[in-house]
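Letters A, B, ... are given to chains in the order of the sequence lines, protein chains preceding strands, and every chain is numbered from 1.
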2 protein chains.
Amino acid sequence: MACTALIHKMDAISDLRADDVVRLRQLCLNVTRTTRFCDIISQGDRPLAVHLIIDGWAARYTILPDGQRQITAFLMPGDFCDLHIPILREMDHGIMALTKCAYACVDLDSLQDLTTDNPGLAVALSRLTLIDEAILRQWIVNVGRRDAGQAIAHLFCELKARADMAGISHGPSMPLPLTQEVLADATGITPVHANRTIQALRHQGMIRLESGRLTILDRDRLQQLGGFDASYLHLKAAPIKAAMGRAGITASDASRVASQS
Amino acid sequence: MACTALIHKMDAISDLRADDVVRLRQLCLNVTRTTRFCDIISQGDRPLAVHLIIDGWAARYTILPDGQRQITAFLMPGDFCDLHIPILREMDHGIMALTKCAYACVDLDSLQDLTTDNPGLAVALSRLTLIDEAILRQWIVNVGRRDAGQAIAHLFCELKARADMAGISHGPSMPLPLTQEVLADATGITPVHANRTIQALRHQGMIRLESGRLTILDRDRLQQLGGFDASYLHLKAAPIKAAMGRAGITASDASRVASQS
DNA sequence: CGACACATTGACATTCATCAACTTGGGTGG
DNA sequence: CCACCCAAGTTGATGAATGTCAATGTGTCG
């Protein structure tokens, strides 16, 4: 089903009931497809519907007067482009497909009905917006206070964590169909410098990045370099699960571990 | 009354009714005071109440493993520290007073009651969160793609616009009790470089900045340097009002102007 | 009068941008 | 099927923006 990524992600941050899943699936009925580099929503658009990425990647971006571009968010399957934006009057930035994309258009009325009928889902959707906000803060840290290597490392850690949430990872590997120019526009550097930075990460054996896939070869070292701490993604008990996985301990052990830290 | 700034700001972004104003005033009953450099909320705190700045300035900040600080938002009177954060589990960043501060603690139940009774206010409060998000995106652009002079210029334009919204400006002048070190941590540069950058703006006659006050001497030039466009603040018809003020035209003229652009 | 925080200045180091060339790989038309 | 083409990646040389270090001013407060 088309909404898999959204449901996977929602389940990672809140407790979904069976009927919640049914309601979420109904969001994905009206699917549109677009080609690469095509605006899904343009700056200044008045929102008539909410858009949900089903397949492919997109980016929020702003163009400066001198023509430079800054990407302020990457959108992968399961991400909303403009959830809650109807509360404002118009888009203050654009959203562009970075690959061929499929996205659902959810009309405002049916979204309104859903949140009215199901306050629990309304809260879960608000949580998505707040997590987006936390991600934005981390991006400010990335471009403001981390050098190129740290910023790329942190970005890759974040994208991997989000890909895991969306269920589009395969073990340590995930699709990452982004050019170095796009990665540069996200981290506030130039494509040339992005190239050199990525090569350094490769040579240090931390990642593999080729033919549209990213593989994390040394997660601990990459996270340490980027200063990555997943707590800002507000996953449901994820740190404990992760600790369990690494230590090979049981859930009851984990609760003790958590209360000690 | 203590809530003046909030009401002024809410009125700038949505249509407040008389009873809305009454309800908002009731938020400011439980006021706390704190000294400079004191955390209002710390990273990891579980939200028990929502905090609203009444007087003084504060900042959202993140400390990196190597001790560097990145400020991700400035909070002035009328700004909420953690509106809607209760939807998440804990603060993923801290908020520190940059001056002596007075802030209201609004307990979650009374906020809940208010939004239940008054859906219009609930929407207006959600709008605040979305505007915060838009500001975060602009900060990413600031640190990512603007040089130091452009970034400081844009920041000053934003702060002035927000001070106008909060009603704490006096003509072209506003309180700005921030050290150069703080401004540097917000724009991703060093204090030394912030000093030189600010001096350049002064020597070019764009601003005056002394004894805790910022005066915009040449708004047009400052806005052009920073590439500032206030639309991301989603003010209620502000561009038209501003155009009226400058051109000395009437409201009916303004609507024609607006439809032409 | 210190003591202190903050602002300012100068000299030098580093990161990153810029410019320009070249390589590589996948697609496409003859 | 091959030749070409183009986007994307890679490399090297050089310059500009910014960081770092260290010293000196300047105003406020006790």
Side-chain angles (χ1 to χ4, degrees), chain A residues 35-38 57 59 64 66-71 96-100 142-153 155 175-203 207-214 225-226, chain B residues 35-38 57 59 64 66-71 96-100 142-155 176-203 207-214 225-226:
Chain A
T35 60
R36 197 181 175 203
F37 296 147
C38 192
W57 286 64
L64 287 106
D66 63 0
Q68 289 188 100
R69 176 175 69 170
Q70 175 69 47
I71 289 176
M96 174 185 285
L98 298 175
T99 66
K100 276 196 301 184
N142 239 14
V143 286
R145 286 288 182 228
R146 291 197 252 258
D147 68 25
Q150 297 170 327
I152 297 269
L155 176 63
L176 193 73
L178 308 179
T179 65
Q180 294 181 352
E181 183 183 9
V182 164
L183 292 170
D185 282 343
T187 44
I189 60 178
T190 55
V192 172
H193 199 57
N195 178 292
R196 293 180 168 129
T197 304
I198 291 168
Q199 281 183 60
L201 293 179
R202 278 201 277 245
H203 290 145
I207 60 164
R208 189 157 57 212
L209 179 59
E210 54 187 12
S211 55
R213 291 198 70 83
L214 169 69
L225 173 62
Chain B
T35 60
R36 197 180 175 206
F37 296 145
C38 192
W57 287 63
L64 294 154
D66 62 359
Q68 289 189 100
R69 176 174 70 169
Q70 175 69 47
I71 289 176
M96 173 185 286
L98 298 175
T99 67
K100 274 195 303 185
N142 238 16
V143 286
R145 285 287 182 230
R146 289 196 253 258
D147 67 27
Q150 296 170 328
I152 297 270
H154 192 278
L155 176 63
L176 193 73
L178 307 180
T179 65
Q180 295 180 351
E181 183 183 10
V182 165
L183 292 170
D185 282 343
T187 44
I189 60 179
T190 54
V192 172
H193 199 57
N195 179 291
R196 292 180 168 127
T197 305
I198 290 168
Q199 282 182 59
L201 293 179
R202 278 201 277 247
H203 291 144
I207 61 163
R208 189 156 58 213
L209 179 59
E210 54 188 11
S211 55
R213 290 198 70 83
L214 169 69
L225 173 61

Report each atom pair, protein N/O against N/O of nucleotides 5-8 of chain D, whose distance is under 3.5 angstrom.
unit_1, atom_1, unit_2, atom_2, d
D:dA8, OP1, A:R36, NH1, 3.3
D:dA8, OP1, A:R36, NH2, 2.8

What's the spacing between [X] [atom1] and [Y] [atom2] if we round to 0.5 Å?
X: A:E210; Y: A:L176; atom1: CD; atom2: CG; value: 12.5 Å
X: B:L183; Y: B:H193; atom1: CG; atom2: NE2; value: 13.5 Å
X: B:I71; Y: B:L178; atom1: CD1; atom2: CG; value: 8.0 Å
X: A:T187; Y: A:Q70; atom1: OG1; atom2: CD; value: 8.0 Å

Quiz item: Tell me the salt bridge (charged side-chain N to carboxylate O under 4.0 Å, His left out) pairs involving residues 189-198 of chain B, sequence neighbours left out?
Solution: none
Round to the nearest Å and state the distance from [X] atom [atom1] to [N] atom [atom2].
X: B:Q199; N: D:dT18; atom1: CD; atom2: P; value: 15 Å
X: B:L201; N: C:dT8; atom1: CG; atom2: P; value: 12 Å
X: A:I152; N: D:dG9; atom1: CD1; atom2: C1'; value: 14 Å
X: B:D147; N: D:dA16; atom1: CG; atom2: C1'; value: 11 Å

Would you indicate what [X] reaches in the nucleic acid, counting non-hydrogen atoms under 4.0 angstrom: base, sugar-phosphate, or nothing?
X: B:N195; value: base
X: B:R146; value: nothing
X: A:R145; value: nothing

Practice problem: Mind listing the residues from residues 183-193 of chain A sitting with a heavy atom below 4.0 Å of DNA chain C? Number order is fine. | Solution: A:G188, A:I189, A:T190, A:V192, A:H193
Quiz item: Would a 4.5 Å heavy-atom cut-off, applied to side chains only, mark A:W57 and A:V182 as touching?
Solution: no
Quiz item: Is A:R145 salt-bridged to B:D185, cutoff N-O under 4.0 Å?
Solution: yes
Quiz prompt | Sequence-distant partners of B:R202, side-chain contact (heavy atoms from CB on, under 4.5 Å), two or more places apart | solution = B:Q180, B:I198, B:Q199, B:I207, B:L209
Self-check item: Partners passing side-chain contact (heavy atoms from CB on, under 4.5 Å) against A:R213 (at least two apart in sequence or in another chain)
Solution: A:H170, A:S173, A:P175
Practice problem: Check the pair B:D147 / B:T197 against side chain to side chain contact (heavy atoms under 4.5 Å, CB included), numbers first and verdict last. | Solution: CA-CA 10 Å; B:D147 67 27; B:T197 305; over 6 Å; no
Quiz item: Is a side-chain N or O of B:R146 found less than 3.5 angstrom from the main chain of B:G226, in a donor-acceptor match?
Solution: yes
Scan nucleotides 26-30 of chain D against the protein and return all N/O pairs shorter than 3.5 Å with their distances rounded to 0.1 Å.
none

Quiz item: Considering only C:dT8, C:dA11, D:dT10, which nucleotide approaches the side chain of B:R196 most closely?
Solution: C:dA11
